[in-house]
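In what follows, chains carry the letters A, B, and so on, assigned in the order in which the sequence lines appear, proteins first and then strands, with residues in each chain numbered from 1. Values in this document were obtained by computation on a predicted structure and should not be read as measured data.
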2 protein chains.
Amino acid sequence: MSPIGSLLWRHLRVYQIYGSNTDVGKTIFTSIFCNASSRLWKHETIAYLKPVSTGPEDEADDNHIGRFTNGVARRTLYQFSQPVSPHIAANGNVISDERVLKSVYEYASERASAGPGWLFIETAGGTHSPGPSGTPQADLYAALRCPVVLVGDWKLGGISSTLSAFECLKIRGYDVESIVLFEDEKYGNSDYLKQYFEEQYGLPVMALPTPPPLDNGSSKKNDHELMLEYYLQASQAKEVEETLVHLDDRFKSRIKALESMTGEAHQKIWYPFTQQKLLQPKDIVPIDSASGSYFQTLVPQSFEKPTGTSLLQPSFDGSASWWTQGLGHGNTSLTLAAAYAAGRYGHVMFAGMIHKPALDLASSMLQIAQNPRLSRVFFSDNGSTGMEVAVKMALRAARTRYGWSPDTKIDILGLKGSYHGDTIGTMDCAEPNTFNEKVEWYEGKGVWLDYPQIQCVAGEWQIQAPNEFGTDCNHRFPHLTDIFNLEQRIGYGDHKLYEKYILSTLQRHLDEGRKFGALILEPVVLGAGGMVLVDPLFQKTLVDVVRQNPSIFGSGNSRTRPSDNRSWSGLPVVFDEVFTGLYRLGRPMAATFLDSNPDISVHAKLMTGGLVPLCVTLASECIFNAFASEEKSDALLHGHSYTAHPVGCQVAIDSLKQLQSMDKSGNWNWAKSNGWLQANNDIYSKLSQTNPRVWSIWPLDLIQWISLQTKGVAGVWAMGSVLAIHLRASDGSGYASRAAEGLRKRLLAGSGSVSIGSWNVHSRVLGNVLYIMGGQRITEQEVEEISKLLRIGLGECL
Amino acid sequence: MSPIGSLLWRHLRVYQIYGSNTDVGKTIFTSIFCNASSRLWKHETIAYLKPVSTGPEDEADDNHIGRFTNGVARRTLYQFSQPVSPHIAANGNVISDERVLKSVYEYASERASAGPGWLFIETAGGTHSPGPSGTPQADLYAALRCPVVLVGDWKLGGISSTLSAFECLKIRGYDVESIVLFEDEKYGNSDYLKQYFEEQYGLPVMALPTPPPLDNGSSKKNDHELMLEYYLQASQAKEVEETLVHLDDRFKSRIKALESMTGEAHQKIWYPFTQQKLLQPKDIVPIDSASGSYFQTLVPQSFEKPTGTSLLQPSFDGSASWWTQGLGHGNTSLTLAAAYAAGRYGHVMFAGMIHKPALDLASSMLQIAQNPRLSRVFFSDNGSTGMEVAVKMALRAARTRYGWSPDTKIDILGLKGSYHGDTIGTMDCAEPNTFNEKVEWYEGKGVWLDYPQIQCVAGEWQIQAPNEFGTDCNHRFPHLTDIFNLEQRIGYGDHKLYEKYILSTLQRHLDEGRKFGALILEPVVLGAGGMVLVDPLFQKTLVDVVRQNPSIFGSGNSRTRPSDNRSWSGLPVVFDEVFTGLYRLGRPMAATFLDSNPDISVHAKLMTGGLVPLCVTLASECIFNAFASEEKSDALLHGHSYTAHPVGCQVAIDSLKQLQSMDKSGNWNWAKSNGWLQANNDIYSKLSQTNPRVWSIWPLDLIQWISLQTKGVAGVWAMGSVLAIHLRASDGSGYASRAAEGLRKRLLAGSGSVSIGSWNVHSRVLGNVLYIMGGQRITEQEVEEISKLLRIGLGECL
């Protein structure tokens, strides 16, 4: 099933009618709207949809509409005879949420093709009444992003149920555009609600007289006449007309705002990492909302559009929203976690204080790290600031142990192509490159080693070493897992060559008088540097060489290896797991691929599940103690105002819980068994036959197939949710290369011209590399659809 | 009225009973709990409180409890005879929310003094039913932070109302600890809810049989007996016992967690800006929650505590949570804004895309800036990153105009004691000081000028100029507003002296061959540098001198002033309004105090009302164009993953709206008329007699009084919500001074030993400066109470 779009057509006003309780008059108000809109928009078509209905068919709301309106198209999608909640009425006959959404979409689409008009979609029961699958309706329908008319509750307690229903819709991103309810003098709910919603949200509330009391069937005809009369009056009421005009206006404003966004953005926004001289308004993608793995984006206006084409289309979030997204857009659990902390604390200052979300997150991260060295948690706002903190920590630890003065020039040791952020301190950790060469205050403060890379080329997994390593380091393996089997590789060929290369290079720089204060690595994958998969054996060897040779970095007593094996030795080892950690590569910690425990470890992005910025820098007690003194000025004088903001911490706690629970309950077994499990000659965990050492959501046969397109593809790899395709580039392989642009554009054009539905893939390129990154909640079916499009795209572009 | 504490005593388990709808059995379940807890905790006291009751007194819930329980203490605080919502029943007899909370607190406190036991507080109607003032109950009682037993709805539609009620409580920071409801086979609500809450929240749901059908009064005695029998059975039910044991357990866990937090934090957290060797667990303040202007903090365990002393106390957030707080902790509107964006988008990647919250915030900030130069908005995560961006912008603009190569050494021009953040790039913008002198990679890249400061000393407002200015610059003014009357001061004495000093200093450095790339200022107040109020005339003059003398900074054509007066001239002028902007000093933009329009302006902190991190760097089109080229690598290659995260943007939009609306509707008139208005010889705005040029929430007579304590006070000033007291320090006036510690501790000891209630003030010091910063929603009464404590504290400490 292809992904489902939100409901937005240029000439069909679609409104969803939610009830703040059961029995508040949803059908009656909908009938009034049908009648009034028929009258006011004479030449347009009016339609009514009841997706799910329970109770005897002749009492169905659909029939009520039939009896009391004229010329209204109407449909009930799923009818159950028992007058109970649909999840019970369905009685085991499970209808998936996707099925319901698809049917609603299809009906709305059909109506849109029929020409201008209105469509009123009436929900069942209260806001949160379960749909057929048991999912509460407010969650079930959220992705359709229909604007809402909320029917308030006029009875005793109705203020409460109306406010509650409103808030539940709002926190799921619904736009409630109007509230309507019956008048009742005794309780005065409508007076209260009018004032409340006007003051709080500037939202109109319409109150109408209650329908006439009916004799419950004893004289049906008379009842019918009474109701007809009521409807006649109500549908001509000034308030009803005003409400419909307001709804019409809001509908048009929404489209207008969406369509004008790119022009305005082009004038007001200064985009990150964007040469705006090359950016036209038409290149900017307007996002209406996002749900699960998909954005809902405005279909480019230049496209030829037949009547009834939706203005929005699902667009796969192929960069996982700059590598942050893990648990799906619009994840209600994360929303509630954020809101809980906002309600309980807001932000509370952190220096010298403690609150539960910060402490729980600290404990949780230390537990997940499974690294006996790490004992301390420092909070900051993003990967860049977290790495600034890490560098400050490491340099101070090295400087104090080695007895250097504060103004000593200290370098870091890293890998070529590393990237750690955009603030000056972290830029200085990267070798000179496109990102920094023109930045005025950039001065690379380090030495960056070359290293062997891994790619799948023409069906084989290759280790490609730079020339200086000699050809002995180039190897081919049938499976990626063999390369990651470090235990087997240690002590042999490559390992020895790596040791030799590293030691001699280090010695050369030390002989020149350089001083090093940290070894900084992105474990396994260099992200922004071009999605480079590094031979993990090389990184492990680098860490080991640094730790086993403390004598080369300092002098005197400080040159011996500390007796406590949780202390740093040689250099403080910093792992930047901002991108690679927390399941992005398939494991909680990327460090475990290297079988190495860093002294400092930095985590962000996925930590907050793709919702808000937050970063933690984990450190060992030994590093921490380097700042201990009687002098306040020796402390780590770093801190942002929103340090450890409770909203971020609470969201992170919930994210980690969700990720760990998915891991534990085998949520990714479908992916692991897509070739990755079979490729294992041995097993990563002796406890489970289902846990391959290396795996990806991207099926192994897709990787193989891509690697065989050798005309255009230089190599490919996948791990966890990341797929990276290195394209052959005549203009060089750097960030400035435009080799991958064609494929990116093809994926963005999407499925339109092919036969798998109407949606596309929004991906990002890094020079000649196109990568696609899913969230951790991506489904097997989604991967299949994207794989299909990818094969088509590669076929057409290469 | 002193602030109200949350309800937490060591031996009194207080639970609030909320109903997910009206008529769901709150009173019946409460009776069951009363009976069962009496039975299970024989030697303890059980109490029942109905804060607000409507309907005939003999039908009151209180009476029901009386009839069907034994030995339960019970109280109704406010009884209204009409059986309608309290806000109507109160019938104009308005009882303030504070009054209700105070009464509840007093009763609970009384019960806590009576010894160990339980207190059940039954709310009225549904979760969101309004209290007597009209405030929805869920908001009204939130500050008490009672854990909740939510009575679910067993009727048709009850799943919806139960989920809705639960979510409304959760987003206000309530901990719902148990859900209870009646069983009903037909609707099966309890089965659904048991599964739902177990899966989603690990929360227990208890279902009990419905009470016997009663004959509605025709045989009251029989009914009574039936109910007695029902209660007898129910209160002995295993489920009820389990629920109470669970509630008891949760109650104890909460206290245990609160009391163990400091120890754990001391071991795991690495605190910002803290010499942790000097930090004991007892110095760490555990925060249970925060509401309005107050934290709820754990009372230090070393304190002598009589029985019935609350474990929590209100603690005034005197640093405005590190200068972020503006709209009160637990601001429901901000919570809903955050949750709406989380539900609608989650985070969506920003490069090349646009979404409504980002665009609306950009438009809103440009509009608020009222600066014709500014046209572009760049997003980042905090003040430090936003300033890094600003510096990158300015340096590039200067370098390209003046034709310097990328590796030219370029300095910034700033003021001594400036502070712009903790990332290396922004640290480099500050002169060498305590914050940076030991940071390995710090290299001050600039020239920092000295300047005249303003303080109120011995009842007079003084301009104190550094020696190099000569004594002619030292002046005394009766009112602060006179100093801010730049129009009158320009062209005379000081102005000329300032010009001369600035030009000669600049020329000296330029003659040494220095190149400057930016003028960077915190307008009006240097925050972290020690809460220094700078003579605005000096800052204005500095900007003017730089702009009027472009020829001194460059060479050739670039030396002439651009014809477009929105272009930068001389140097790009960067205003760091992270702290000073957005009403912190009483005006939307601090730049207006200087009557100067910067080319780049940075905003954070208050922008998101004190909830989540977000920053914008506003820039002129001229600055923006400095990055335009055909080369991608000429772009501003900066960006964080969560750039323009919708949650932050939406919260900021709401914050700005709240602040602007407060401004517009005269919310601060009480403060302005506390001496500030009278001090104006002329008026800031000709449109309104209520708008002084300078004002503060801190009354002018308080400032005067403090300034007269010359034995210990060197000077004092207040603007907007900031009050800064500069204490005389024998150990120097720098960050390392401990002169203000005594006063800080005295405020933290709070009102305990004095007679104005039991609460305290949590404040921060910067060396010899103690400052107190309120939020923008602070009330006159709160200011009064704090002023009293401050007078007492100063009296005792000096």
Side-chain angles (χ1 to χ4, degrees), chain A residues 22 125-126 128-129 157 160 163-164 168 170-173 261 265 268 270 272-273 275 277 285 287 289-290 321-322 324 329 335 339-340 342-346 348-349 353-355 362 376 378 381-382 388 395 422-425 434-435 440 610 613 628 632-633 635 637-643, chain B residues 22 125-126 128-129 157 160 163-164 168 170-173 261 265 268 270 272-273 275 277 285 287 289-290 321-322 324 329 335 339-340 342-349 353-355 362 376 378 381-382 388 395 422-425 434-435 440 613 628 632-633 635 637-643:
Chain A
T22 194
H128 259 322
S129 292
S160 179
L163 299 193
S164 302
C168 293
K170 189 171 172 75
I171 66 177
R172 285 165 176 81
M261 276 212 295
K268 291 179 182 169
W270 190 332
F273 281 99
Q275 177 46 268
K277 196 171 181 194
V285 179
I287 302 185
S289 72
S321 278
W322 255 358
T324 63
H329 295 278
T335 299
Y340 169 77
R344 179 167 173 181
Y345 307 94
V348 289
M349 89 95 67
M353 309 194 91
I354 189 67
H355 54 80
R376 290 282 166 180
F378 192 100
D381 292 344
N382 57 42
E388 293 252 347
L395 297 186
D422 304 326
T423 50
I424 296 292
T434 311
F435 290 112
E440 287 66 25
K632 192 168 174 187
S633 61
L637 298 176
H638 191 114
H640 305 285
S641 327
Y642 284 97
T643 295
Chain B
T22 193
H128 259 322
S129 292
S160 179
L163 298 193
S164 303
C168 293
K170 190 172 171 73
I171 66 179
R172 285 165 174 81
M261 276 212 295
K268 291 179 183 168
W270 189 331
F273 281 99
Q275 176 48 268
K277 198 173 177 191
V285 179
I287 302 185
S289 72
S321 278
W322 254 357
T324 63
H329 294 278
T335 299
Y340 169 77
R344 178 167 174 181
Y345 305 95
H347 171 56
V348 290
M349 89 94 69
M353 310 194 90
I354 190 66
H355 54 81
R376 291 280 167 179
F378 192 100
D381 294 343
N382 56 43
E388 293 252 345
L395 297 187
D422 304 327
T423 50
I424 296 292
T434 311
F435 290 112
E440 287 68 23
K632 190 167 173 187
S633 60
L637 298 176
H638 191 114
H640 304 285
S641 327
Y642 284 97
T643 295

Check your understanding: Taking the side chain as C-beta and beyond, is there a heavy-atom pair between A:Tyr642 and B:Asn382 under 4.5 Å?
Key -> no
Exercise for review: Taking all heavy atoms of A:Ser321 and all of B:Met349, pick out the closest pair and write down the distance.
Suggested key: OG-N, 2.9 Å
Check your understanding: Within a strict 4.5 Å, meaning less than it, do heavy atoms of the B:Ser164 and A:His128 side chains meet?
Key -> yes
Exercise for review: Answer with side chain, backbone, both or neither: which region of B:Thr324 has an atom nearer than 4.5 Å to a non-hydrogen atom of chain A?
Suggested key: both
Point to revise | Residue among A:Gly126, A:Ala339, A:Gly346 with most heavy-atom pairs under 4.5 Å to chain B | key: A:Ala339
Revision key, fill the gap. The reported gap from CZ in B:Phe273 to OG1 in A:Thr643 (rounded to nearest 0.5 angstrom) is 8.5 Å
Study note, to complete from the structure: CD of A:Glu440 to CG of B:Leu395, rounded to nearest 0.5 Å, is 5.5 Å
Review point. Which atoms of A:Glu388 come close to chain B, meaning under 4.5 Å heavy atom to heavy atom: side chain ones, backbone ones, both, or neither?
Key: side chain
Practice item. Mind listing the closest non-hydrogen atom pair of A:Phe378 and B:Trp270 along with its distance? Key: CD1-O, 3.3 Å
Practice item. Just give me the residue among A:Arg172, A:His638, A:Lys170, A:His640 that pairs up with chain B most often, heavy atom to heavy atom, under 4.5 Å. Key: A:His638
Check your understanding: Can you check whether A:Tyr340 reaches B:Ile171 side chain to side chain, under 4.5 Å on heavy atoms?
Key -> no
Point to revise | Short side-chain to backbone donor-acceptor contact, A:His355 and B:Ile287, under 3.5 Å | key: no
Exercise for review: Would you indicate whether the side-chain heavy atoms of B:Ser289 and A:Arg344 approach each other to under 4.5 Å?
Suggested key: yes
Revision key, fill the gap. Cut-off 4.5 Å, heavy atoms of chain B, and the answer for A:Ser129 is both
Review point. Looking at B:Gly639 and A:Pro272, what are the two nearest heavy atoms and their distance?
Key: CA-CB, 3.6 Å
Check your understanding: If you take all heavy atoms of A:Arg376 and B:Ala265, which pair is closest and at what distance?
Key -> NH1-O, 4.3 Å
Exercise for review: Look at A:Lys277, A:Met353, A:His329 and state which one has the largest set of heavy-atom pairs under 4.5 Å with chain B.
Suggested key: A:Met353
Exercise for review: Measure the OG1-CG distance between A:Thr423 and B:Asp381 for me, rounded to the nearest 0.5 Å.
Suggested key: 10.5 Å
Exercise for review: Grab the two heavy atoms, one from B:Thr434 and one from A:Ser633, that are nearest each other, plus how far apart they are.
Suggested key: CG2-CB, 3.5 Å
Exercise for review: Report the option among B:Val285, B:Thr22, B:Thr335 that has the most heavy-atom pairs separated by less than 4.5 Å from atoms of chain A.
Suggested key: B:Val285
Study note, to complete from the structure: For A:Ala290 and B:Val348, the nearest pair of non-hydrogen atoms, with its separation, is CB-CG1, 3.8 Å
